[in-house]
Amino acid sequence: MSLAILLFSLLSFLTGAPSPGENQRAELLFVGDAMQHQAQLDRAREIAGGKGYDYSGCFTYIAPAVTEADYAVCNLEVPLGGGPDYTGYPCFSAPDSYASALKDAGFDMFLTANNHCLDRRDKAARRTLSALDSLGVDHIGTYHDRAQRDSLVPFIRNIKGFRVGFLNYTYGTNGIEPREGAEISLIDRDRMAQEIKKTRDAGAEIVVVAIHWGVEYVLLPNANQKSLAKFLVDQGVDMIIGGHPHVIQPMEIVRNEKEQKDVLLVYSLGNFISNMKTGDTRGGALVRATIERGSDGKARFKEADYDTFFSAKPAGGNTNFTVIPSWMPDLIPAAQRQHWMIFDRGAQKIFDTHNVNVPRRHK
């Protein structure tokens with residue numbers, strides 16, 4: 001028995017984690033942009049009878065898939081501004097009950113580094129962090145200040161015995177600069193390389209980089225995304241999870257030849273929930289990624305698959321904007337089934353043509 005396996009077996013005995021050879025696995029789930037447009041705000045307020053904002057029905061059907069995963073991640077693309085005036089596009093601000101509904105649906109981590117995180121300037125960016133702390137959920141990507149970023153990165157979670165490190169970056173903030181010292185994790189190759197190394201040196205067995213990049217409404221990655229993805233693979237990360245375009249983009253498993261391991265690369269998961277109207281923006285994808293511990297005691301990304309879902313608009317009565325999984329098509333309101341088919345067939349065409357070794361789970 002090698003020293004590495006002997007040490008891991010001892011650690012497994014002390015912590016109760018599975019020993020090598022016991023097929024230790026964990027599943028991570030990722031979805032894209034959780035938006036909050038004005039029509040969503042208006043509807044949530046109507047359902048609440050004008051007293052607060054009610055999102056309780058938005059995630060009922062997707063929640064079982066989310067909670068089934070060992071750890072679930074979404075991109076919170078709205079500040080939690082604290083009111084009393086909440087707004088949609090172009091400068092978002094959503095109530096805390098929206099984040100609470102996402103938590104209740106099963107999401108464990110909220111990504112906050114995106115182009116809308118400073119829509120309500122430093123004050124709301126910082127308030128968002130405090131609100132998420134009060135909900136008891138994990139969050140990364142924005143910080144009260146530089147010192148807090150330095151103290152909180154690396155961010156590592158123990159997920160079923162795996163030490164998984166998470167990092168989150170955005171290409172920008174729509175030209176809005178922090179004026180009071182709020183810290184945003186921007187795409188900067190030198191800083192990213194440092195933080196990836198810092199995360200690995202702190203004991204992360206798996207490193208996940210969630211990144212806000214690309215061009216809105218474009219279904220294929222551009223040269224900049226591909227270059228940055230190669231850079232991240234070369235840094236030794238295990239998963240690259242992209243968002244921002246508001247439409248899906250392909251996903252593939254690429255090989256890191258230097259380290260002899262597979263890496264999951266997802267260019268864009270599209271929208272999770274929104275009031276966008278064009279066919280390609282009416283839904284998104286969820287990706288399930290499995291990590292596994294081999295007989296040598298090492299943790300590796302093993303495999304991934306995806307499914308799609310549709311963001312249905314209210315259909316009368318007390319209905320709300322609702323995320324409906326593609327494997328539950330009968331739940332899609334009849335008047336919106338054509339919109340769902342346009343979205344899903346378009347997404348399927350992109351995935352069938354460009355995905356590499358990332359299949360659809362429900363066919």
Side-chain angles (χ1 to χ4, degrees), residues 32-45 52-53 55 73-103 107 109-153 155 166-188 191-192 195 209-216 242-246 271-276:
D33 304 335
M35 310 298 295
Q36 189 65 188
H37 292 97
Q38 190 63 49
Q40 294 169 268
L41 289 164
D42 293 343
R43 187 57 176 163
R45 187 162 176 78
Y53 294 80
Y55 298 96
V73 181
C74 69
N75 173 47
L76 181 67
E77 196 151 353
V78 288
L80 303 175
D85 57 326
Y86 298 109
T87 53
Y89 181 84
C91 287
F92 294 104
S93 178
D96 295 356
S97 55
Y98 180 54
S100 181
L102 288 163
K103 177 192 175 180
F107 288 102
M109 171 176 280
F110 292 67
L111 307 173
T112 58
N114 54 65
N115 57 305
H116 287 288
C117 63
L118 285 176
D119 278 5
R120 290 295 187 93
R121 306 304 193 269
D122 296 52
K123 182 178 180 181
R126 288 181 171 135
R127 189 193 176 282
T128 300
L129 306 180
S130 298
L132 295 176
D133 285 340
S134 71
L135 288 175
V137 295
D138 295 339
H139 55 88
I140 57 171
T142 58
Y143 307 91
H144 285 275
D145 51 34
R146 176 68 63 88
Q148 188 188 50
R149 178 179 180 176
D150 291 341
S151 69
L152 295 181
V153 176
F155 185 95
F166 294 88
L167 295 161
N168 178 210
Y169 303 95
T170 180
Y171 74 92
T173 53
N174 291 344
I176 304 173
E177 299 291 335
R179 296 179 181 176
E180 299 170 15
E183 175 73 7
I184 313 299
S185 294
L186 298 173
I187 294 173
D188 176 298
R191 185 68 184 265
M192 293 164 75
E195 292 186 337
V209 174
I211 189 160
H212 215 67
W213 62 358
V215 180
E216 290 182 335
H244 172 63
H246 300 302
N271 288 327
F272 180 52
I273 190 168
S274 80
N275 185 43
M276 290 190 173

CA sep, side-chain torsions, deciding dist, call: Asp85, Ser93, side chain to side chain contact (heavy atoms under 4.5 Å, CB included): CA-CA 8 Å; Asp85 57 326; Ser93 178; over 6 Å; no
Salt bridge present between Arg127 and Asp96 (N-O < 4.0 angstrom): yes
Backbone N/O of Ala131 and side chain of Ser134: donor-acceptor pair under 3.5 Å: yes
Residues Gln36, Tyr86; criterion side chain to side chain contact (heavy atoms under 4.5 Å, CB included); working and verdict: CA-CA 10 Å; Gln36 189 65 188; Tyr86 298 109; over 6 Å; no
Reported NE2-to-CG distance for the pair His212 and Leu186, which is rounded to 0.5 angstrom: 12.0 Å
Steps toward side chain to side chain contact (heavy atoms under 4.5 Å, CB included) verdict (Leu132, Leu80): CA-CA 9 Å; Leu132 295 176; Leu80 303 175; 4.1 Å; yes
Rounded distance [0.5 Å steps], CG in Asn75 versus CD1 in Ile211: 12.0 Å
Aromatic ring proximity Phe92/Tyr98, centre distance under 6.0 Å: no
Tyr171, OH atom: more than 12 neighbouring heavy atoms under 6.0 Å: yes
Side chain Asn275, main chain Ala39, donor-acceptor under 3.5 Å: no
Asp133 and Arg126 ion-paired at < 4.0 Å: no
Working for side chain to side chain contact (heavy atoms under 4.5 Å, CB included), residues His144 and Ser130: CA-CA 9 Å; His144 285 275; Ser130 298; 3.8 Å; yes
Donor-acceptor contact below 3.5 Å, side chain Asn174 vs main chain Asn115: yes
Geometric class of the His244/His246 ring pair [parallel <30°, tilted 30-60°, perpendicular >60°]: tilted
Under 3.5 Å donor-acceptor, Lys103 side chain and Val137 backbone: no
Side-chain donor or acceptor of Asp122 paired with backbone N/O of Arg179 under 3.5 Å: yes
Between CZ on residue Arg149 and CG on residue Asp145, distance to nearest 0.5 Å: 11.5 Å
Backbone of Met35 reached by a side-chain donor or acceptor of Ser274 within 3.5 Å: no
Donor-acceptor contact present, side-chain Asn168 to main-chain Ala113, <3.5 Å: yes
Heavy atoms of other groups near Arg191 CZ, more than 12 under 6.0 Å: yes
